[in-house]
Amino acid sequence: MAVSQNFFIFAMFITSNIIKPMRKTILYLIALMAVFVSCSKSEKTYRIAVSQCSEDIWRDKLNNELKIGTYFHDGIELRFASADDSDEKQIEQIHQFVNDGIDLLIVAPNQVATVSPAIDEVFDKGIPVIVFDRKTNSQKYTAYIGADNFEMGRLMGEYIATRLNGKGRVLEIMGLKGSSPAIERHNGFESALKAYPNITLVASLQGDWTEESAVNAIKSYTGDLSNLDFVFGQNDRMAIGASKALSSDGTKYCGIDGLPGEGNGIACVRDSLLEASYIYPTHGDEVLQLAMNILEGKPYQKDNPLMAALVTKDNANVLLLQNEEMVRQGNNLDQLHQRSDAYLQQLGNQRIVLILATAFIFLLLVLIVFIYRYHLQKARIQEERTQMEREQLDFYTQVSHELRTPLTLIEGPLAQLSETKDMQKASAEASGLFAIIQRNTHQLTQLINKMLNVQATGSIDDLNASQQEAAPIESLEKTAETEHSLADDMSTVLIVDDNADIRAYLRTILQDKYQVNEAADGQQGLAIANEIVPDLIVSDVMMPVMNGLEFCQRVKSGTATSHIPVILLTARALSQHQIEGYESGADAYITKPFSADLLLARISNLLKSRLQLKNLFAITPIEPRDSGDVVSPPELGGAGGGLNESVDPFLIKFRDFIEQNLSDSDLSVETVGAELGLSRVQLYRKVKALTGQSPVELLRTARLQKGRELLQTTDKNVSEVAYEVGFTAPSYFTKCFKDEFGISPSDL
């Protein structure tokens, strides 16, 4: 205990005399470290949002190319969102990007007119906007990048007309209505066919860029689609869908996108599923480079057309081989980028370690200096303390001498009076009052004598200890020796009261039935309660050092003492005083003057309630605090560990059902209530009335008791036991176990 106190004093001194004066130094050091760390991240981070109108293979390819583009630029954070062909969703996503804070917006509008106002708002707020793939009906954008959809439609029209030698029947499947690529490709296609009067454009059916939309458009068309020579799908997927819906041997199909990979446009041309396709370029790296030119203030063009190429059976294989090589190179680039990121991370970690090591060495040197100063200051403080104690001792000695004279004049006549015949013949009541006077006078004399002896001992701590004893009838040590001689099977009651006569009176009431311990104030009571863990506490409210309300709160909040019933015994009889008592956690509140029988009955009921709770689930051997032997809980029946007949049958049934379902982690109060024929509220009130605990608390107690039994009697580890008794997490089982038994399950 002395070592712990010295360590605490040293820690407090270090905190007040070393840490606090070092605060400015530490703050300067932290600021310096922040500068070093910030230097490692000097590049500005640009937040670029990418708003896609939909999600498909072409846009996935573009997104991947954008990510690869970030490998060549530092400090770029990309944020992606897909509107799934919904104008409302894309508008909402654009607004969310702005609210989150972005430096630039890359957007492919779902439709020409609907999304334009949201894009205009972004532009008006000073945020650069790059429109790609699709256009808006507004000029409020920073730059546009994408292929010429009108030209692509026109070239596909020229290609079909050439293949038909200027004569035939042609069907067109258009993309999403209102989108700029669908409008421009149709206009270009129609413009090319006007030069060929013998080519008939049978219909321009409306799709939405998906294969299913082309199938549905053809099936729902009521006109004549026989003898078609060519079908132009505004993208490859709709062209494939048209081929499935028409299934005509003589019809040829062509589309736009020309994506690589199996099942996509180029492979379909190679396999003769499509007559031709037109590569609709993604070029995500060029899109990102354009964004960086805008953000970094470099020159850029407002309109940036991307070059495209026609795909036929003649060049399909070459294009696929080129794509495979590009994919391979891209994968290699990804691996190199990951390795470089790992190396940079290691370098950053090493830099941080170096900074922390430097800071630690600096702090260590500063600490050495301050420890040296501490020893110098400690010597000075010790000298001042010695002088102060000497002056205090002189003062207490002088006061004690002044008090000793009147005490002698009181104690002497009392001693003479006790020897007279009248006093010896006095009634029992008069003798009791005389004994109280004589005893208190003797105690006051002893206190003064101890004060006079302080000078001889040379320690002010002895004086403080003698004052804190408050002159009880017997010292705590003597009381403890007496109490240890009582029978082990008696319940322990702790009396906490600053009035020694009240303690003596309570002892005479309780000592025949209970093992009694005493404390003169709340602070002493709390120390004794934590040491002996009594079965019940009777406490006064108005006490020095620590009053009864604070004492009760500390008892109820302590891990080792929270279960102990507390009776507040006080002269404070107003209702608000009683409310304060119960709010502090008291189990009973008895006002003075009180009936001894009432106090005994209340103590008996509280202990009986706690005994029922203890016996309810105490089905495993329990190791006593002061013995190495393992004994069974008291009042248990037979080998099965059942409750005796005096316990409420309802509790036995309640206990048996819980024991049968301990391993069920989903066992609830509702399930238990249904088994016992009670609602949740009825079950709670009945169990609370019988045991003082809630059903949930009893369930946890049962699981912990069973877990303790398994740990003592089997080779299972803590995790296995936790799951077997219904806990879903071993860590929570360990915490509850330690709160219940005061030790860790691994220590058991």
Side-chain angles (χ1 to χ4, degrees), residues 414 418 423-447 468-522 524-525 527-529 531-544 548 551-552 555 564-573 586-608 610-611:
L414 283 175
S418 66
M423 195 64 218
Q424 293 175 355
K425 296 179 180 180
S427 63
E429 181 180 1
S431 298
L433 294 174
F434 182 83
I436 291 176
I437 296 173
Q438 193 175 38
R439 183 168 59 251
N440 280 277
T441 303
H442 179 67
Q443 291 171 358
L444 186 58
T445 302
Q446 286 184 331
L447 178 62
Q468 290 179 358
E469 288 177 2
I473 296 175
E474 296 176 333
S475 67
L476 293 176
E477 292 81 2
K478 185 176 180 180
T479 301
E481 292 175 2
T482 303
E483 297 303 333
H484 281 305
S485 67
L486 298 177
D488 292 336
D489 58 350
M490 296 177 66
S491 297
T492 303
V493 177
L494 172 63
I495 300 172
V496 184
D497 199 302
D498 61 324
N499 190 305
D501 291 326
I502 292 292
R503 297 199 303 273
Y505 175 57
L506 291 174
R507 174 180 285 276
T508 61
I509 295 174
L510 303 176
Q511 63 186 0
D512 292 338
K513 294 185 177 182
Y514 306 105
Q515 181 178 342
V516 181
N517 289 269
E518 298 180 17
D521 55 56
Q524 287 187 6
I528 295 175
E531 179 180 354
I532 69 174
V533 191
D535 296 296
L536 186 137
I537 297 174
V538 179
S539 174
D540 189 17
V541 174
M542 301 297 295
M543 294 185 296
F551 167 69
C552 184
V555 167
I564 302 174
V566 177
I567 298 177
L568 292 180
L569 190 65
T570 177
R572 302 174 63 189
D587 296 87
Y589 195 96
I590 300 178
T591 58
K592 300 176 183 178
F594 59 89
S595 166
D597 292 337
L598 173 64
L599 177 62
L600 288 171
R602 196 72 186 93
I603 291 175
S604 177
N605 285 340
L606 285 173
L607 290 177
K608 181 180 179 181
R610 292 313 190 270
L611 183 60

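Note: hydrogens, waters and symmetry copies are ignored here, and every other heavy atom, side chains too, is used. The structure displayed is predicted, hence computed values, not measured ones.
Between the CG atom in Asp501 and the CZ atom in Arg439 there is a gap of 5.0 Å [rounded to 0.5 Å]. Here CG of Leu607 is found 9.5 Å from OG1 of Thr492. Values are rounded to the nearest 0.5 Å. Note that the CZ atom of Arg602 and the CG atom of Asp587 stand 7.5 Å from one another [nearest 0.5 Å]. To the nearest 0.5 Å, the span separating CG on Asp540 from CG on Asn499 amounts to 8.5 Å. Once rounded to the nearest 0.5 Å, the distance linking CG of Leu536 with CD1 of Ile567 reads 4.5 Å. The structure places CD1 of Ile537 at 11.5 Å from CD1 of Ile603, a figure rounded to the nearest 0.5 Å.
Shortest non-hydrogen contact noted between Pro534 and Leu494 is CG-CB, 3.9 Å. Closest heavy-atom contact between Ala586 and Cys552: N-SG, 3.5 Å. Contact record, Met542 with Asp498: O-OD1, 3.6 Å, taken as the closest heavy-atom pair. Nearest approach of Ser539 to Phe551, heavy atoms of both residues: OG-CD2, 3.7 Å. Heavy atoms only, all atoms of each residue included: Pro544 and Asp521 are closest at O-CB, 3.4 Å. Between Tyr505 and Ala596, the closest heavy-atom pair is OH-CB, 4.5 Å.
Side chains of Leu510 and Ile495 form a contact here, defined as non-hydrogen atoms less than 4.5 Å apart. Contact check for Leu599 versus Leu506: side-chain heavy atoms found under the 4.5 Å cut-off.
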